[in-house]
Each structure stands twice: as C-alpha cells, then as structure tokens.
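To start, the structure under review is shown below, and the notes come after it.
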Amino acid sequence: MRIYADNAATTKMSRTAIEAMLPYLENVYGNPSSLHTVGQEAKEALEDARARVAALLGATPREIYFTSGGSEADNQAIRSAAILGKRKGRTHIISTAFEHHAVLHTLKKLEKEGFTVTYLDVHENGLVTPEQVAAAITPETCLVTIMYANNEIGTIQPIRAIGEVCRKAGVLFHTDAVQAVGHIPVNVVEDNIDMLSLSAHKFHGPKGVGLLYAKRGIILSSLIEGGAQERNKRAGTENIPAIMGMAAALEEAVRSLPETMPRVSALRDRLIAGLNEIPHGALNGDAKTRLPGNVNFCFEGIEGESLLLLLDDKGICASSGSACTSGSLDPSHVLLAIGRPHEVAHGSLRLTLDASTTEAEVDAIITAVRDVVQYLRNMSPVWRELMNGERKFVID
Amino acid sequence: MALYSEKVMDHFRNPRNVGVIENADGVGEVGNAKCGDIMKIYLKIDNDTISDVKFETFGCGSAIASSSMATELIKGKPVADALKLTNQAVTEALDGLPAHKLHCSVLAEEAIKAAMKDYYDRHGIAYDESLFPAEHDCESCEV
Ligand SMILES: Cc1ncc(COP(=O)(O)O)c(C=O)c1O
C-alpha cells in the first residue's frame with residue numbers, strides 16, 4: 001500500500017497531461033522560431049497553449065510569459081518590479097514573513113542592493129489583512145508581493161481585497177499563486193492581480209515549466225539573455241512538450257474544480273478531525289480559509305523527521321517543517337512566522353491530499369499518525385518531562 | 001540513494017535499549033528541544049562494568065539510531081571503555097551518517113559521558129575533569 005499525501009511538494013502527472021505532451025515529443029519537434037513548416041507547427045501549438053492558459057486565468061495571451069517554473073516566475077516578477085520602481089526612486093517592497101524561498105531570497109538580495117522590505121505579520125492563523133497592506137504602503141512602495149496560498153499551512157490570503165488596496169495606491173501587486181492555481185478559482189482580473197506566478201507540477205502537469213502573468217503595460221526585465229523568445233523577455237527555445245502538458249493539466253484542473261474542491265475539502269476536514277483526537281497536537285493555520293487538500297499539524301514531544309520516516313515505512317508519503325528535514329538548523333520559517341516555538345515546530349507534519357485521495361486512505365493516515373506519534377512519544381525524554389509536569393505543554 | 005544506511009535504518013526502526021532505568025547509577029541528558037535533539041542516557045554500573053544502559057531520545061532518525069548504537073557499544077563493557085567511546089566509533093558502527101547528521105553521533109558520545117560524570121559525582125568518585133569537556137553549543141551543530 002502506498003498513500004501519496006505530499007501533493008504540495010509535487011503531484012503525479014495526469015494521463016491527460018502526459019497524452020497532451022506525447023505528440024510534441026514524438027512528432028511536432030520543430031523550433032517555434034524556425035520559419036519552415038515543422039517549426040511553424042510548433043509555433044502554432046505554443047500560441048494555442050498560451051491562449052488557452054490565458055483564458056483560464058482571465059488574462060490575454062500577450063500577458064503570459066512561459067518560464068521554467070514557479071521559482072523563475074517569482075524571481076522575474078520581483079526583479080522587474082524592483083527595476084521599474086528604482087527608476088522612479090521607489091525602493092520599498094511589502095511582503096509577508098512566510099513567503100516561499102523563491103520570493104524571500106530574491107527580496108533578501110534586493111535588500112542588499114538598497115531596497116527596504118516590510119514583512120507583514122501573518123498572525124497565528126496564517127492570514128494577513130488588506131488593512132495591514134494599506135497601512136504599510138508609503139510613497140516609496142513599488143511592489144506588494146503576497147502569496148495566494150501558503151505552501152506549508154495552506155492558508156489563503158484575501159488576494160482580491162489586497163489587490164484593490166494596491167490598485168488604489170498605484171502600487172504593483174504580484175502574487176505567488178503556485179499552490180493556488182488549479183486548486184481554487186483564480187482570476188487575475190477579478191482578483192486585481194498585476195503579476196502572478198504559477199507552476200505546472202503542482203496541478204498534475206510536468207515539472208520544470210510554469211508561467212508569469214504580467215498585466216499589459218508592465219515592462220518585464222529578462223533574467224536570461226539570448227534569443228527573442230517570449231516577446232524578448234525570456235530567452236531560450238521553448239519547452240513545447242512541457243508547455244502543452246501544462247495547458248492540458250490546467251484545463252483539466254480548473255474544469256473539475258466545482259467537483260474536486262468540495263470533495264477534497266471534505267477529506268481534509270475528516271483528516272483534521274481525526275488528527276485533532278491526538279492529544280497535545282494542533283492544526284497549523286486557519287481551519288477554514290485554507291487550501292482544499294492541506295493539513296498541517298504540530299505534535300508536542302516528537303521530532304518531524306522520525307515521524308516521516310516511520311510513516312514512510314507504513315507507505316505514507318508526507319512532509320515536515322522540522323530542521324532535520326530542511327537541512328538547516330532552524331525549523332520551518334512558516335511555522336515560526338505563525339508563532340510556533342522552535343521545539344513545537346520541529347514536530348510538524350504536512351499532509352497534502354488531492355482528488356484521487358479516498359476516505360479509506362484518510363482513515364489509514366489517521367491511524368498511522370496516531371500510532372507513530374504515540375510510539376515516538378514513548379521514547380521521548382521531552383514527552384516524559386511534559387507528562388511528569390517538569391516541562392509545560394505549549395499545546396493543550 | 002537512500003538517506004540513511006541500512007544499519008541506521010535498522011537501529012532507527014528497532015532501537016536497542018529504549019527506556020528508563022529506575023534508580024540508575026548515572027543519568028546524562030544533552031541537547032535541547034529548540035535544536036530538535038535531546039538524548040538521555042541511564043546507566044546501571046556494577047563492579048566498574050556497565051551492567052545495563054537505556055536511552056530516551058527526542059530527535060530525528062539518526063539521533064535515535066545513534067543513541068541506540070551508542071548504548072550497544074558500551075553495554076556490558078568496563079566503564080573505562082565507555083569513557084573512550086567516540087562519535088567516530090558510533091558513526092562507523094552505523095556504516096556512516098550524512099554529513100549534516102554527524103552532530104547526532106556527537107550528541108550520543110556526549111550523553112554517555114554526561115551519564116558517566118553523573119555517576120562519578122553521585123558516588124563521590126574522583127575523576128579527571130578533562131575527560132568531560134563542556135557541552136558544545138548550538139552553533140557547533142553547523143557541520
Ligand atoms: C508557493 C511556491 N512558490 C514557488 C514554488 C517553486 O516552484 P517551482 O518548483 O516550479 O520552481 C513552490 C514549489 O516548490 C511553491 O510551493
């Protein structure tokens with residue numbers, strides 16, 4: 001038995017996406033920049049994919065720039081906005097403390113280059129408010145970049161209202177929607193978004209492909225110099241098979257949302273209810289304003305890596321924000337940002353479901369997690385101290 | 001490639017000597033919850049021999065495996081041998097640890113030494129202070 005509950009890390013490619021790619025691996029192999037028939041066939045496919053993904057996001061084809069994935073799109077969006085801002089003497093950026101590292105590390109670099117960045121508090125529930133954004137905007141602000149949904153705790157930000165605040169203030173608004181697109185409805189026009197990043201492998205498409213949406217009028221700076229692909233903003237021969245796979249996966253994901261969202265949300269709530277039965281454990285992030293498939297818990301007295309390894313032995317694939325799994329000394333910056341102390345953040349578990357998850361699988365996960373947590377607590381000196389009253393519980 | 005050797009996984013999945021010794025002759029605890037690893041070692045000592053040893057560990061797979069292996073390496077041995085246990089010996093017995101996990105074997109060595117020191121202190125036995133260097137700080141976890 002294997003239960004894959006790590007869909008926020010990546011997803012299994014859908015049959016539809018694979019089949020959409022095959023002709024472009026086997027037959028339509030041309031370079032879209034070539035003038036001959038074989039090249040022009042590829043060019044047609046590329047532009048068809050662009051039009052389809054644009055329509056699914058509420059954008060126009062000219063506003064879509066294909067990239068190598070979410071990280072590249074985040075980098076390019078933020079760099080471009082910074083360059084535009086600097087030209088006008090505006091060097092202040094607003095973001096949150098729990099963005100993906102693709103955003104955070106880009107911002108850190110900009111800080112070294114003289115930009116100032118305000119990292120908004122995301123509170124215990126993992127949510128920022130439009131009022132916080134409004135209060136942080138100054139005449140120097142050139143960009144607000146706030147993720148649509150968090151990759152660890154799944155909380156969904158009030159993007160539309162934040163976008164409205166930015167629009168009114170005349171500040172560019174970028175959102176890393178890598179975890180949101182294909183999982184909840186996203187529309188760049190209705191949501192007041194100026195720039196948006198997405199990545200195909202998070203919605204059952206291929207890895208290594210994504211896109212940046214940039215509203216008409218926003219002049220992007222290229223990260224990669226070379227040919228004139230992507231309207232001069234992203235050099236390199238386009239990865240046509242991957243782009244075709246992404247378009248097909250996105251179509252399928254968006255089209256099935258009315259059916260999958262309520263079903264996956266119900267599975268999520270069943271899993272949360274089951275794990276809530278484990279004493280001294282707590283859900284991370286708001287219980288309702290979160291992605292349909294995201295469950296993230298902290299369990300006191302244990303460490304996340306050993307929890308993951310034992311779950312893997314039971315056939316369950318999950319992830320954790322413990323330092324041991326991140327390869328750094330500190331546990332997840334996301335869990336620290338919502339106020340979890342280090343010792344509790346080490347004992348975190350993220351389970352991310354998809355539309356193929358069944359109730360029986362959810363129940364098997366609940367049983368397995370309960371057993372493994374108990375087993376590890378039984379050999380934990382921290383747990384013994386907690387039980388003896390020599391150490392205070394953080395989670396009641 | 002798997003994250004850990006078969007030996008590490010064996011000691012992680014089937015840890016030897018887990019538990020507590022009531023009325024232990026020496027108890028040592030090292031690490032802290034903030035860093036994500038705590039090891040506690042309990043020793044029973046008879047006639048200068050480690051007659052029994054148990055451990056409790058809060059930590060990752062390699063922390064649990066290192067504790068388990070360290071207890072195996074000293075169980076039934078003269079205390080003089082236990083004092084000579086090194087983190088290299090623990091690592092080698094586990095067929096190696098990933099570089100960023102080597103601090104787990106250091107913790108295991110330190111936990112055993114801390115328990116030995118506690119034994120000497122409790123029983124008023126004189127010892128050479130240099131055998132028990134101060135516990136390393138969090139920064140040194142950064143291998
Ligand atoms: C929120 C978020 N942003 C960005 C990325 C990076 O995407 P990619 O792996 O396509 O570079 C990820 C996924 O790892 C993510 O979850």
Side-chain angles (χ1 to χ4, degrees), chain A residues 280 298-315 317 319-332 335-336 340-349 371-388 390-395, chain B residues 2-4 8-22 24 27-42 54-68 71 97-104 107 111 114-115 137-143:
Chain A
H280 305 291
C298 279
F299 298 106
E300 262 198 279
I302 61 161
E303 192 282 326
E305 191 215 66
S306 38
L307 176 60
L308 288 191
L309 290 171
L310 291 174
L311 286 177
D312 191 36
D313 277 352
K314 290 175 184 281
C317 304
S319 92
S320 168
S322 89
C324 276
T325 57
S326 72
S328 80
L329 280 184
D330 286 317
S332 137
L335 298 176
L336 297 180
R340 293 288 187 211
H342 277 67
E343 55 268 41
V344 172
H346 285 300
S348 78
L349 174 69
D371 292 351
V372 172
V373 166
Q374 193 52 53
Y375 169 81
L376 288 171
R377 280 175 171 174
N378 284 341
M379 71 164 89
S380 163
V382 175
W383 184 248
R384 174 177 305 281
E385 285 171 22
L386 288 165
M387 295 307 279
N388 290 344
E390 295 159 21
R391 182 190 281 270
K392 268 217 179 99
F393 279 107
V394 177
I395 303 169
Chain B
L3 177 60
Y4 292 128
V8 173
M9 287 310 289
D10 175 39
H11 276 261
F12 167 61
R13 290 189 180 113
N14 311 292
R16 322 319 191 238
N17 310 310
V18 179
V20 174
I21 299 176
E22 301 296 342
V27 179
E29 182 176 310
V30 296
N32 69 61
K34 195 168 179 251
C35 291
D37 309 281
I38 294 187
M39 286 182 198
K40 194 164 183 178
I41 296 278
Y42 301 83
K54 298 266 188 225
F55 80 88
E56 290 180 306
T57 290
F58 160 87
C60 57
S62 60
I64 292 171
S66 296
S67 324
S68 167
T71 58
L97 283 171
H100 65 290
K101 298 289 188 175
L102 284 173
H103 72 276
C104 292
L107 274 184
D137 58 21
C138 272
E139 302 311 312
S140 62
C141 289
E142 215 153 3
V143 188

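Just so it is clear: chains get the letters A, B, ... in the order the sequence lines come, proteins before strands, and each one is counted from 1.
- Of the atoms belonging to A/Glu300, not a single heavy atom falls under 4.5 Å from chain B.
- Only the side chain of A/Arg384 comes within contact range of chain B, judged by heavy atoms closer than 4.5 Å.
- With hydrogens and angles ignored, the 3.5 Å screen pairs no side-chain donor or acceptor of A/His342 with any backbone N or O of B/Cys35.
- Listed here is the closest heavy atom pair of B/Phe12 and A/Tyr375: O-OH, 4.3 Å.
- Atom CE of B/Met9 sits about 5.0 Å away from atom CG of A/Leu309, to the nearest 0.5 Å.
- Of the possible donor and acceptor atoms, none in the side chain of A/Glu303 sits under 3.5 Å from a partner among the backbone N and O of B/Phe58.
- We find the CG-CD1 distance between A/Leu310 and B/Ile64 to be 7.0 Å, quoted to the nearest 0.5 Å.
- A/Glu305 and B/Cys60 make their closest contact through OE1-CB, 3.2 Å (heavy atoms, listed as atom of the first residue, atom of the second, distance).
- Closest heavy-atom contact between A/Ser306 and B/Gly59: OG-O, 2.9 Å.
- Heavy-atom pairs under 4.5 Å with chain A were tallied for B/Ile38, B/Thr57, B/Val18; the largest tally goes to B/Thr57.
- A/His346 approaches B/Lys34 most closely through the heavy-atom pair NE2-O, 2.5 Å.
- Neither the backbone nor the side chain of B/Ser67 comes within less than 4.5 Å of any heavy atom of chain A.
- The part of A/Ile302 that comes within reach of chain B is its backbone (N, CA, C, O), which places non-hydrogen atoms under 4.5 angstrom from that chain.
- Separation of atoms NZ (B/Lys40) and CD (A/Glu385) is listed at 5.5 Å; rounding is to 0.5 Å.
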